[in-house]
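One structure below.
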2 protein chains.
Amino acid sequence: MKSAPEPTLSDVAALAGVSRAIASRALSAQPRPVSADKRERVLRAAETLGFRPNSLARGLANKTVNLVAILVNHIHDLSDLDLFDLLLAEIQAIGKQVIFIRVGAGEHAESFLRDGVAYHVDAALVFSDFADAATVRRMFRNNAVLMLNGHHDPGVPSVTMDEDQGIRECVADAAAKGVRTALLLTGRTMSLVEQARIASYRAALARHGIKLLGELAGDYSYASGRALAQQIDVDATGAVFCTSDAMAMGVLDAHRQHFPQHVPTRFRLYGFDNISLTQFDAYPISSIGSDRREYVAQIVRILNQPADLAQNSDQVLVATRFVSRLTG
Amino acid sequence: MKSAPEPTLSDVAALAGVSRAIASRALSAQPRPVSADKRERVLRAAETLGFRPNSLARGLANKTVNLVAILVNHIHDLSDLDLFDLLLAEIQAIGKQVIFIRVGAGEHAESFLRDGVAYHVDAALVFSDFADAATVRRMFRNNAVLMLNGHHDPGVPSVTMDEDQGIRECVADAAAKGVRTALLLTGRTMSLVEQARIASYRAALARHGIKLLGELAGDYSYASGRALAQQIDVDATGAVFCTSDAMAMGVLDAHRQHFPQHVPTRFRLYGFDNISLTQFDAYPISSIGSDRREYVAQIVRILNQPADLAQNSDQVLVATRFVSRLTG
DNA sequence: CTGTTAGCGCATTCAA
DNA sequence: TTGAATGCGCTAACAG
């Protein structure tokens with residue numbers, strides 16, 4: 001009672017009256033030597049049979065799968081659907097498909113991959129910071145990994161945001177507007193990326209003579225921003241810098257509960273990531289972000305390089321810049 | 001200058017001093033007849049060699065890939081990161097990996113799939129409405145398709161939201177609160193799902209004697225909601241029903257520009273989808289949604305069925321319910 | 001330009 | 001319990 005078995009290349013070849021090799025060449029994307037006559041017959045045969053090449057077999061034969069893996073902690077790591085949408089479109093545009101892997105907090109990534117195809121993808125884009133470069137390198141082939149989680153490693157190529165640049169601009173903006181004191185709301189401080197970010201804020205604040213009143217540890221989420229906002233001394237604080245837009249949104253809403261203003265007037269509020277939500281009227285939060293198109297372009301460029309080139313292990317830096325909105 | 005070639009099962013077998021068959025069994029997930037002694041040697045050999053099974057080869061041999069495809073129009077089709085996050089986690093929990101395919105508006109899905117592994121996945125979850133069931137069925141094996149885009153088809157299993165139920169509750173809520181006139185903001189009206197949704201609203205409104213002042217055609221987006229809001233006659237309209245939360249958010253923000261109120265007092269506002277954003281203070285929009293856990297559970301249940309069972313082509317209906325918030 | 005041959009890496013017969 | 005042999009579907013190398 002099995003449904004009709006999938007037609008194979010042999011079936012096509014047989015119907016067209018040619019050898020399997022000819023059929024293979026006629027159906028190949030690259031130009032291969034085949035007489036126009038036979039190519040035509042093969043194509044017609046494939047059409048009538050409803051033939052669809054088995055990519056597993058093809059991959060096994062020529063050792064390419066046209067598959068890239070994207071590793072994230074949680075989906076929210078992407079922090080921005082627009083980025084993901086663009087990334088997916090561009091990756092597909094170069095003829096590759098994306099296998100999406102979510103590596104939950106405590107769980108071991110390796111067990112997820114054990115029985116999946118992910119081990120043998122052309123490349124792995126690592127957004128997740130579940131592991132350092134060494135672990136990822138062990139999981140995948142060395143030159144197949146692209147670190148996008150802010151972690152650097154001499155042996156592995158990476159595309160990283162130059163967050164320091166945007167933070168400088170952001171703090172400079174606050175200083176120019178007369179801010180003298182500030183509060184910093186941070187994310188998970190065990191993250192290397194977050195540590196670097198915090199260091200940038202500290203340095204920039206010091207450079208401008210802005211006093212850092214304190215650092216409150218959140219977890220990037222709206223809820224944590226909302227909760228921590230209770231600790232803000234509205235009268236003494238000139239600016240609140242958050243290392244995520246979501247936390248800034250939480251701060252904004254918490255503030256509105258006490259002061260029915262659209263935007264805080266006592267202190268300035270700055271977020272981070274420039275997520276698309278900050279374009280909505282309700283959350284006009286000044287933020288820091290990079291040009292998504294350039295970011296994605298850099299990723300795709302590396303993906304397009306033959307593996308030997310990737311050995312150079314590019315450490316690409318993408319600029320970030322301050323984006324001014326109502327709260328800043 | 002090629003990097004170390006991946007060790008294969010043969011390498012493991014050789015190092016362990018056994019045949020390939022024994023090595024294969026020892027490494028199999030299912031219990032297979034192997035003496036404890038040899039199993040031990042094989043496992044150790046695999047460990048020292050850093051052996052990782054090639055899933056392409058395995059898939060070719062036993063005709064299963066443990067891969068499911070998720071088809072979307074744009075990422076935003078998911079309208080809800082939480083749903084996607086949960087779905088991905090559950091699919092991975094049953095040992096499958098997800099290949100993500102974005103089928104752009106005008107582009108042909110088939111060309112995307114031509115050279116990808118997607119043709120031979122275990123199943124395809126279709127969120128995109130780029131094509132009817134017939135097209136999807138042609139692209140994938142019949143019983144491997146699960147329609148989640150609201151389209152029904154006798155030959156293909158589906159999990160669909162029972163939107164009519166939620167809409168009834170929603171309109172009943174408005175009627176109970178004395179609403180006598182209403183405006184409907186719709187999405188892309190060529191969509192079959194949207195047409196059904198509109199029909200539900202019309203019927204429910206008529207049933208409660210609420211006069212439908214008009215239907216304004218948007219595209220589900222925040223921007224379209226914002227623009228269409230200009231046409232709302234605040235004095236004559238008792239309630240505004242939107243077929244997406246994003247449009248309701250746009251309406252809310254447009255209204256706030258003229259009336260500095262957190263929530264409209266002249267008319268009631270209802271959205272659709274119950275996206276997580278409506279839990280944020282800024283957008284306390286009453287909405288209609290289903291239990292994500294149940295929705296995902298139903299999908300995974302069907303995914304777990306052997307192919308022959310799916311022949312039954314379940315047409316599962318998941319309940320939706322009204323979720324009351326400040327605007328309703 | 002064509003067809004034959006030989007693998008890709010693995011799981012599974014079938015004898016032993 | 002074991003191992004030799006066979007095949008999954010396709011492409012590449014080689015001869016013609």
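Chain A is the first sequence line, chain B the second, and so forth, proteins listed ahead of strands; every chain is numbered from 1.
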Report yes if a side-chain nitrogen or oxygen of K38(A) is closer than 4.0 Å to either non-bridging phosphate oxygen (OP1 or OP2) of dG3(C); otherwise report no. yes
N66(A) atom CG is separated from dC10(D) atom C1', nearest whole Å, by 15 Å
Open item on the list: Is S24(B) close enough to dA11(C) that one of its side-chain N or O atoms is under 4.0 Å from OP1 or OP2 there?
Closed with: yes
To the nearest angstrom, the CG-P distance between L60(B) and dG9(D) comes to 7 Å
Here the salt bridge (Lys or Arg N to Asp or Glu O under 4.0 Å) pairs for residues 88-101 of chain B, sequence neighbours left out, are K96(B)-D122(B)
Could you walk me through whether V296(B) and L83(B) pass side chain to side chain contact (heavy atoms under 4.5 Å, CB included), step by step? CA-CA 8 Å; V296(B) 169; L83(B) 170 64; 3.7 Å; yes
Per nearest nucleotide of DNA chain D, the residue lying toward the 5' end, S35(B) or N54(A), is S35(B)
Taking the side chain from D162(A) and the backbone from L317(A), do they hold a donor-acceptor pair closer than 3.5 Å?
no
I22(B) atom CD1 is separated from dG3(D) atom C1', nearest whole Å, by 7 Å
Sorted by chain and number, sequence neighbours left out, side chain to side chain contact (heavy atoms under 4.5 Å, CB included) with S19(B) holds for A21(B), I22(B)
In whole angstroms, the gap separating C1' of dC8(D) from CZ of R58(A) amounts to 16 Å
When rounded to whole Å, the CG to C1' distance for the pair L56(A) and dC10(D) reads 11 Å
**Message:** Counting the atoms with a prime plus P, OP1 and OP2 as sugar-phosphate, which does R32(B) contact under 4.0 Å by heavy atoms, base, sugar-phosphate, or nothing?
**Reply:** sugar-phosphate
Quick note, side-chain hydrogen bond (donor to acceptor under 3.5 Å, both in side chains) partners involving residues 25-45 of chain A, not counting sequence neighbours, are D37(A)-R41(A)
With sequence neighbours left out, the residues meeting salt bridge (charged side-chain N to carboxylate O under 4.0 Å, His left out) with R301(B) are D314(B)
Would you say K63(B) places a side-chain N or O within less than 4.0 Å of OP1 or OP2 belonging to dG9(D)?
yes
Sorted by chain and residue number, the side chain to side chain contact (heavy atoms under 4.5 Å, CB included) partners of S24(B) (sequence neighbours excluded) come out as L9(B)
note: E6(B), atom CD; dC10(C), atom C1'; distance rounded to Å ~ 15 Å
Residue set satisfying side chain to side chain contact (heavy atoms under 4.5 Å, CB included) with D11(A), at least two apart, ordered chain then number -> P7(A), T8(A), L49(A)
To the nearest 10 degrees, the angle between the two end axes of the helix from dC1(C)-dG16(D) to dA16(C)-dT1(D) (five pairs per end) comes to 40°
Please enumerate all protein N or O atoms sitting under 3.5 Å from an N or O of nucleotides 14-16 of chain D, with distances to 0.1 Å.
none

Taken in chain and number order and not counting sequence neighbours, the residues that satisfy side chain to side chain donor-acceptor pair (under 3.5 Å) with T48(A) are none
For nucleotides 5-7 of chain C, tabulate all protein N/O to nucleotide N/O atom pairs closer than 3.5 Å, reporting atom names and distance.
| from | atom 1 | to | atom 2 | distance (Å) |
| --- | --- | --- | --- | --- |
| dA6(C) | N6 | R20(A) | NH2 | 3.4 |

- prompt: Donor-acceptor pair, Q97(A) side chain versus V65(A) backbone, under 3.5 Å?
  reply: no
Sequence neighbours excluded, the answer for side chain to side chain contact (heavy atoms under 4.5 Å, CB included) partners of L125(A) is I70(A), L87(A), I91(A), F127(A), L146(A), L148(A), I299(A), L303(A)
Here the distance between atom C1' of dT13(C) and atom CG of N62(B), to the nearest Å, is 14 Å
Output yes when at least one side-chain N/O atom of S19(B) is less than 4.0 Å from OP1 or OP2 of dA4(D), else no. no
Across all chains, not counting sequence neighbours, the side chain to side chain donor-acceptor pair (under 3.5 Å) partners of T160(B) are none
* Just checking L9(A): base, sugar-phosphate only, or nothing, at a heavy-atom cut-off of under 4.0 Å? -> base
